Structure formats: C-alpha cells, structure tokens
Amino acid sequence: MTKTVLTGVLGAAVLALGASTASAATLDDVKAKGFVQCGVSQGLPGFSNPDADGEWSGMDVDLCRGIAAAIFGDATAVKFTPLSAKERFTALQSGEVDVLSRNTTWTMSRDTQLGLNFAGVNYYDGQGFMIRTDMNINSALELSGASICTNTGTTTELNVADYFRANNMEYELVAFEKADEVVAAYDAGRCDVYTTDQSGLYAQRLKLTDPGAHKVLPEIISKEPLGPVVRQGDDQWFNIVKWVHFATLNAEELGVTMANVEEMKESDNPSIRRLLGTEGEFGSDIGLENDWAAKAIAAVGNYGEIFDRNVGPDTELAIGRGVNALWSQGGLQYAPPIR
Amino acid sequence: MAVTDMGRGVADAPPKVALLNNPKFRSWLFQILLGVAVAYLVYSGWVNMNANLQAAGVASGFGFLGENAGFSVAQSLIDYDQGTSSYGRVYVVGVLNTLIVAVVGIVFATVMGFLLGIARLSNNWIVSRLATSYVEFARNVPLLLQIFIWYFGVLRLLPQPRDSLDFGPLGLLNIRGYFAPKPVWGDGSAFVLYALIAGIVIAIGVSRWSYRRQMATGQRFPSLWVGLGAAVGLPLVVFLALGAPLTWDMPVLGGFRPSGGMTVIPEFIALLVALSTYTAAFIAEIVRAGILGVSKGQSEAAHALGLRQGQNLRLVVIPQALRIIIPPLTSQYLNLTKNSSLAVAIAYPELTSVFAGTALNQTGQAVEIISITMLTYLTFSLLTSAFMNWYNARVALVER
C-alpha cells in the first residue's frame, strides 16, 4: 500500500514538473503574467540582499531589474525567489523562476548536463579563505589540519578539496545548508576558516560579531565566473538576458549613464544610437521595443554604476574593480558590439 | 465458509443473476480497473518525465554513482577518501551516518522516555511535576529550533582547541568535538571476540535450560549471574591469557585540532541530544498511557497472590503495558529516524545532507537521487516496522 501511494505521488509530481517545462517561449509567459520571476540568493550583501522593508538590492538583483525594464519599461516588474545553493538549478529547470541570477559559477558540467545556459559573466570572482587575524596565518598553505566551514552544494566544496589534495594537506569540512548558519558557526569558532567566493567573504564578514578581527587570505584558489542562467532551448529568452547584460557593459564603454541616457539618444555616435534604439531595429530582433537598452540603462544604469552602487569602493564591501574593470581599462569585462 | 456455501447454492440452482451483478465478478472487475489505472498513471508519469528530461537536455541514469565525488565528508564510519571515492560511496557514508545517529538516538530516547514516563506517575509531587514540565516543553517546541538551540548552545559552551578540557585517559573535549582514545587491537585479539560470542551463546543456553527446569520442577537457578559471568568472564579470561593485546591511541593537542584518537564531531552530539530528548518526551507519554492502561485490579490480584512489588511490575504490569506501548512506540522510532534529516541545517553529514544535498548539486541528477533517498528512508522505516511488528506479535495477548 505504502508503495502504491508513493509511486502515485511520484507520478503526480513528475506530471506537474512536465507541465511547467513544456512551455518554451519564456518571453510570452513573462509578458502574459506581467513580471519577471527572478531566482536570487537568500541574502548576500552586494549581490542579492533584502533590506528591512523586503526591498532587494545588489548586482544580481539589478540584472533582473534591467531585464524587467527592457521588457516592460518598469524596473519593479520583477518578483524575487530566494533560493538555497541546493535548490537553485531545480527551481530554474522546473520553470519556477525565469532567470537565475544568484552568484552562480559557470562550469562546464552545469552548462552541459543540467539543461541550462549561462548567459554571461556579470562578476569575475575567485574562491578565497577568511581566518581570524590572531591565528597569525598569512597563507592558505599553512592551513593543513584546519576545520573549514562552507555551504553545501557549491563549487567551493570541490575547489577546496582539489586545493588541499594538490598541496597534500589535511582538512575537516563542515558544510551547512544556509549561509547564515555558516557565518554563525564560524563566528562561534567551530571552524578555523571560512571559505567561499572572495566577494562573498567580504560580504559575510560584515555579519560577524567583530568584522575587524578577521582577514581574507591572499590566495585565490579557483576561477569563479558568476553569471545569470536560463533554461536551454529558448534562444529568444537566452538572447534577452545575455544582451541586457551586454547593453550595460556597452553603455559604460560608450559613456552612457542613468543620468544622461535621454540626451545620449540624440548623440552623433552611431554606436550609441544603435545601443539606445535611435538607429536600427535591434530590439524587435529579440522580441522587444527598440529602446529596450535605453529603458534598462535608465532603470539601473551602466555596468560601472551597478558595480559602484552595490559593491564598489564607497560601499561597506569596498571591493575594487580589479578584473571586473572594462577590457579597455585592463579588466575582463568585454561585450560584443551592437550592430 | 460463506464462499463455499454460496458456491454450492450456485451449483444447485442455475445462476439467474447477470454477470455484472455477481459480487465476486464485480469485486474483481473493480480491482483490475483500479490496478490498470494506477499502472497507467505510473507509466505515463515515467514516459512524460523521460521525455521532459530529454527535451530539457538533462542527462539521466545511474552512471553517476560510479563517478569520483571529489568532496570531503566530515564524519565517515568507513574509509572515505575525498580524492578517489565515488558518489556510490558517499551514499553509503550518508546511510551509515544516518543509521548511527538513529540507532543511538533510539536507545537514548527509549531509556529516557521510560524513566520519564515512570517519573510522571511517581507519587512524589516534585518528581512528577518536573517530568511533566519537561515533557510539555520538549513536545511543544519545534524540533528544528531545538536542534539549533543544542547546536549553537553546545558550540558556545565548548572551549577553543588550545583551551581543550582534558579528561586524562578519557580524552579531550573542545569546540571541534570530543576526541576519544582509540583502541588499537593487537595480535590474537580476534580470539577475544570469539570468546565473547561463545560466552553469549552459553548465557542464552543456560537461561533456556533454567527456564525449562523451573517450569518442570519449580527449582530456581541463578541464570542471570551465571550467564553474565559467561558473557563477560570468558572474554576477559581470554584477553588476560593473551597478555592484554590492547593499546590506546590517545589524542594529542597541536596544530588546528588534536590529532590521533577518534573524533565525535559536535554536530553529531547536538543532533543526538536534540533527537533523543525530543522523542523521549513522546515516548514518556506512551509509557505512561501503557502503564495506566493496565487495570488496577491486576496489581491487586498479583499482590493477593503474594507477588512482591518488583515481581508484580516485571511479571504482571509491564507485559500487559507493553501491548499498549509497542505500536505507538514504533511510530516514534520511525519519526526519530526520519527527523534525523533535519541535520542538514547543522552540517551533520547524514544521507539528506551529503547525498540528497551535496551530491545532488554536484551531479544535477535530481530525479535519481531523490528517488534513491526516498526508497532508502522507506526501507529503513519498513525494516523498523517489520522488526517492531515481530516483537509486538511476541508480546501481544495470546488467547488461550
């Protein structure tokens, strides 16, 4: 009897899953319901974090707001679904969210095995270690035997395994489901080391009892290109997400900002005119209005503005542009031209 | 009886009822229709799922179980190497971690629950009130919250490794866990194990023989002491005769955490305490119900026959109370086992955490991994039920 009920439930669950993935045109769905459903983290300052009033802010959040603005001309036409590291891919695969913008590392297996596509890199990150200053440790190579706290279901677990194995060091891994518990356990002294993406370390350090008593070690042990993810098989939606991100990069390169976007529409520079929809039919090619990029930039600004507002030197996180500078300024952020 | 009677009736007089009105035919028809419907539902679910997975480009199959896992697990009862062990091994590690916390938790919860249940019935006002308040508190606070309280409570109480509490020969205690001395068995110690098994067999034999003799002749024999002597004494004699082939690997302070010995991680301690104290409260109520369910006349009759209070409890009250206690107790054991999956919140590496958590995320094989995990919990539960039903049948009322 138990088995019969179980298989019945399984079957029903599977049917439900089937029903939601069957619809391919995400843009039509989004237009029909009137908002973008965006998967974000459960609270990572600078990337996706709710404030006391439940208003979300951060780089990943701004990407979703930019997409909503490009489609509807309204940056508030977006609903956020906080997802744990574990839940995120299933939520996207099953159609619960339209786009996953949740500091997610682009890896080959995720790109090829999960039926998902990475639509770009909105933050180049790398995994680092945080440790108490009074432990007098200055390099990750001195960490043999340490207890290490991190999140389950992340690439960090694998990177730390590779790094310690490559350097022939022992360690004890304590992996929690939610970032808040990782912080609490690290703060209580359960672990010597907290490891995650460096941007995350700076963000989570703010939540510790005494942020000044902890430091981030210089080693970066992995490449963590973080970016938005969409379902495979819907190229139109894939293009929209990809090009909203590229539009913010092109805008920074061309000097278009949130403030001057209206006057820039009258610019003589053909690149700017194409970006802002004064020339050409680039919007209709992806199923949007021609001023899609102008609306997105008016809502969230160009990439540099998004970066500075959320994680830049003047914020609590105080992260420098580093490799996230434009290619023309020695960084890695590079967008194909709009033409 | 009824069926054969009816069959005879049908044979005597030719059937005049339509086939559809034949009760036997109808019952079979509906059973078959339902069976077909269920089978079709499962089949179409399966086909639909495969089609959708294929359309979404998600790889499927169970081949991932043989692949290298590449992540580390904090507690493992079997050899686990983060570099070379497979996802299949991660599954086994998770299952064993779930089982150990469930089995130890069930033992603790049962002992605590019985003591508390008896304490609630105590004539001593303070004892019974204390037990009542405990039961009401533990039953009415959500388990996840209790796990957090215990975990972060335990972490706050324990000192940093460099200030470890030193219990001398019993090992060290600090925030990284309890570091116990590890027994290292020397040559020939297998004989101690054989002696232990032999001792237990002898003890069981003696107890059976003395029971039969007492039934036949009324003569009593101190089988408990003789049996205990055989089970403990025999291996002890062998152990000493072999020259005590046992040394202890003591944990030593140094580095980030003590090295050597055996480690009991704080996540295990917190989860074990939370699960057993929580479940003990429910068991206490079940035990109380069981004891109150035996009518007072039974005890009075036992006393009238001249049985002492201890004999009354052992021979009259408890056997009857057990009949009431066992079925709901089984449910509590199943609950405890399933509740252990809440450990995912505090980083105890049990099945849900390492297999349905980390392994799922690394491989993305959600359907396969969740199915395996569900079947595993189902198997645990069915095995526990089967065992408890067998035990229940033994203690159940035998009609004579």
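Since the model is a prediction, treat every value here as computed from it, not as a measurement.
- For the pair B:R176 (side chain) and A:S147 (backbone), a donor-acceptor distance under 3.5 Å is absent.
- Among the residues in residues 125-139 of chain A, those with a non-hydrogen atom closer than 4.5 angstrom to a non-hydrogen atom of chain B are A:M135, A:I137.
- Other residues, nucleotides and ligands place no more than 12 heavy atoms under 6.0 Å from the CD atom of A:E170.
- B:I370 contributes atom CD1, which lies 8.0 Å from atom OG1 of A:T90 (distance to the nearest 0.5 angstrom).
- Neither the backbone nor the side chain of A:C149 comes within contact range of chain B; no heavy atom of the residue lies under 4.5 Å from a heavy atom of that chain.
- With a 4.5 angstrom heavy-atom cutoff, A:Q232 touches chain B only via side-chain atoms.
- A:A146 touches chain B through backbone and side chain together, each having a heavy atom under 4.5 Å away.
- With a 4.5 Å cut-off on non-hydrogen atoms, B:A343 does not touch chain A at all.
- Of the inter-residue distances, the one linking B:L342 atom CG with A:E177 atom CD reads 11.0 Å to the nearest 0.5 angstrom.
- Around CH2 of A:W106, the count of heavy atoms belonging to other residues, nucleotides or ligands within 6.0 Å exceeds 12.
- Here B:P266 is the residue among B:A366, B:P266, B:A69, B:G177 with the most heavy-atom pairs under 4.5 Å with chain A.
- Considering every non-hydrogen atom in both B:I175 and A:A188, the closest pair reads CD1-O, 3.1 Å.
- The two atoms that bring B:F152 and A:A185 nearest to each other are CE2-N, 3.8 Å, heavy atoms only.
- Only the backbone of A:T112 comes within contact range of chain B, judged by heavy atoms closer than 4.5 Å.
- Here the side chains of B:F148 and A:E181 are in contact, with some heavy-atom distance below 4.5 Å.
- Taking 4.5 Å as the limit, some side-chain heavy atom of B:I265 sits within range of a side-chain heavy atom of A:E172.
- In this structure, the portion of B:E267 lying under 4.5 Å from any heavy atom of chain A is its side chain and not its backbone.
- With a 4.5 Å cut-off on non-hydrogen atoms, A:S144 touches chain B through its backbone but not through its side chain.
- No side-chain heavy atom of A:K86 sits less than 4.5 Å from a side-chain heavy atom of B:L360.
- Listed here is the closest heavy atom pair of B:T363 and A:L114: O-CD2, 4.0 Å.
- With contacts defined as side-chain heavy-atom distances shorter than 4.5 Å, the pair B:Y151/A:R190 qualifies.
- Ranked by heavy-atom pairs shorter than 4.5 Å toward chain B, the options A:T107, A:L116, A:L143, A:N159 are led by A:L143.
- Of residues 207-215 of chain A, not one residue has a non-hydrogen atom less than 4.5 Å from any non-hydrogen atom of chain B.
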